[in-house]
Amino acid sequence: TPTALQTLLAAIKRALQTAQAGNAARASLSLPAFSRSAVFSDLYRRLRNASAHTRKLLLHGLINSIGEICARSLHRANTPWVEASALLKNPPEKWARTAVGGIIYINNLAELDTVRQQHLSLLLDMIDGLSCFLIAGSSCDDAGLEAIGYGKELLSKLGHVWLKIPELKDHPDEIPEIASVLLEYMIEKQECPLRYFSTAAINTLRAHPWLGSYDELRNVVKNLALIALEEEIQAEDVEKVLRKAVVSSAAPTGTLFDLN
């Protein structure tokens, strides 16, 4: 079918480009890779517009890996990338200088304990001097963060530029493009054999509610790429994986569902 052929040709093209690059480091996945997805393209434009006016960007919704993908979209080559969730156990004076000119990323503000909240407050006072961006995800809005112990002063320092992460359940027509890009990326990374979706498989993916949003879709695509018996992933493969999938926004990366 045209859709399947297009996906296969794109995957082959990217795989060849990757092979030509030898052992060069592969770029992390970011929003520009989903250029044919209207919802992710819109999110990318909003991120870029906001970053022109503030160094502190907050992402709200089902975060997990999609938060990092958003942050990676603003990361410039050859600049620092610092994942700070664990580092915040220590005062930022000990490590923040490693982020000069780059990005400090926090996966979920709602998971920071009192000590790390205190160190976050100190870090926020340093951001402008570091000439870096702080991009933080949160499963809670301001009111939710205040309810779990964030003080008004810290919330004020964080600012009020919140970007809502779209949920896939609200955008079923985006599923084919996002799933295809994920599959192509996994092939590039040599995480799975060459695969492509049949039209029926794409339609089955589109019809699923995706309550676990992006991470659920990513895990399902990876499972499909690994368990399919043929290069073309069939609707029956999708149905089998979805029946076993545990719908959870907190599903760990690379989860393989029991298909017995």
Side-chain angles (χ1 to χ4, degrees), residues 18 21-33 43-44 46-140 142 145 148-151 153-163 165 185 188-189 191 214-215 218 250 252-254:
T18 299
N23 294 322
R26 297 178 178 87
S28 298
L29 194 59
S30 61
L31 291 175
L43 179 59
Y44 181 47
R46 292 176 186 276
L47 275 170
R48 292 191 62 182
N49 289 343
S51 68
H53 302 286
T54 179
R55 292 190 175 276
K56 296 173 289 185
L57 295 170
L58 308 179
L59 308 171
H60 174 238
L62 294 175
I63 303 299
N64 295 324
S65 58
I66 189 62
E68 180 175 340
I69 286 174
C70 290
R72 292 279 184 187
S73 304
L74 297 179
H75 185 224
R76 293 177 290 114
N78 302 316
T79 62
W81 171 271
V82 177
E83 297 190 18
S85 297
L87 290 174
L88 283 168
K89 294 177 181 178
N90 302 301
E93 292 85 354
K94 294 185 177 182
W95 55 267
R97 297 296 302 175
T98 63
V100 170
I103 285 180
I104 296 175
Y105 175 66
I106 301 171
N107 185 59
N108 193 349
L109 293 172
E111 296 177 351
L112 300 185
D113 56 27
T114 302
V115 170
R116 287 187 289 177
Q117 290 176 29
Q118 292 170 349
H119 292 159
L120 173 60
S121 181
L122 297 174
L123 175 63
L124 289 166
D125 293 333
M126 302 171 63
I127 291 298
D128 288 339
L130 296 172
S131 298
C132 69
F133 287 98
L134 184 140
I135 303 176
S138 179
S139 54
C140 301
D142 272 0
L145 291 175
I148 61 175
Y150 275 69
E153 182 180 357
L154 177 52
L155 291 173
S156 178
K157 287 183 180 181
L158 282 168
H160 301 283
V161 180
W162 287 88
L163 289 171
I165 300 296
Y185 182 73
E188 285 181 19
K189 297 280 284 184
E191 295 177 2
Y214 175 84
D215 278 10
R218 181 205 58 203
T253 301

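A donor-acceptor pair is defined here as one N or O able to donate and one able to accept, closer than 3.5 Å; such a pair exists between the side chain of Arg116 and the backbone of Glu111. Side chain of Glu68 to backbone of Asn107: no donor-acceptor contact under 3.5 angstrom is found. Looking at Trp95, its side chain does come within 3.5 Å of a backbone N or O of Asn90 through a donor-acceptor pair. Side-chain atoms of His75 never come within 3.5 Å of backbone atoms of Ser30 as a donor-acceptor pair (strictly under, hydrogens ignored). The backbone N or O of Leu123 sits nowhere less than 3.5 Å from a side-chain atom of His119 that would complete a donor-acceptor pair. Within the 3.5 Å criterion, the main-chain N or O of Ile69 finds a donor-acceptor partner in the side chain of Ser73.
By the 4.5 Å heavy-atom criterion applied to side chains, Tyr150 and Cys140 are not counted as neighbours. Two residues are said to be in side-chain contact when any heavy atoms from C-beta on lie closer than 4.5 Å; Leu74 and Arg48 meet this criterion. In this structure, the side chains of Leu124 and Lys56 come closer than 4.5 Å at one or more pairs of heavy atoms. Looking only at side-chain heavy atoms (C-beta outward), Cys70 and Leu43 come within less than 4.5 Å of each other. The side-chain heavy atoms of Ser138 and Leu59, taken from C-beta on, include no pair separated by under 4.5 Å.
A distance of 9.5 Å separates CG of Leu29 from NZ of Lys189, quoted to the nearest 0.5 Å. Within the model, atoms CG of Leu145 and CG of Leu158 stand 7.5 Å from one another, a figure rounded to the nearest 0.5 Å. Taking CG from Leu57 and CG from Leu134, the interatomic distance works out to 8.5 Å, rounded to the nearest 0.5 Å. The distance from the CG atom of Asp142 to the OG atom of Ser156 is 9.5 Å, given to the nearest 0.5 Å. Distance check, rounded to the nearest 0.5 Å: CZ of Arg72 to OH of Tyr105 gives 9.5 Å. The distance from the CD1 atom of Ile103 to the CZ atom of Arg76 is 8.0 Å, given to the nearest 0.5 Å.
Taking all atoms of both residues into account, the shortest heavy-atom contact from Pro92 to Leu122 is CG-CB, 3.7 Å. Among all heavy-atom pairs drawn from Leu62 and Ile165, the shortest one is O-CG2, 4.2 Å. The two atoms that bring Ile104 and Cys132 nearest to each other are CD1-SG, 3.9 Å, heavy atoms only. Of all non-hydrogen atoms in Leu112 and Gln117, the two that sit nearest each other are O-NE2, 3.0 Å. Across Arg218 and Ser65, no two heavy atoms sit closer than the pair NH1-OG, 2.7 Å.
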Check: Hey, mind stepping through Leu120 and Ile106 against side chain to side chain contact (heavy atoms under 4.5 Å, CB included) and telling me if it holds?
Finding: CA-CA 10 Å; Leu120 173 60; Ile106 301 171; 3.8 Å; yes
Next item on the list: Start with the C-alpha distance between Leu109 and Leu58, add both sets of side-chain angles, then the distance that settles side chain to side chain contact (heavy atoms under 4.5 Å, CB included), and finish with yes or no.
Entry: CA-CA 9 Å; Leu109 293 172; Leu58 308 179; 4.1 Å; yes
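No more than 12 heavy atoms of other residues, nucleotides or ligands sit less than 6.0 Å from atom CZ of Arg46.
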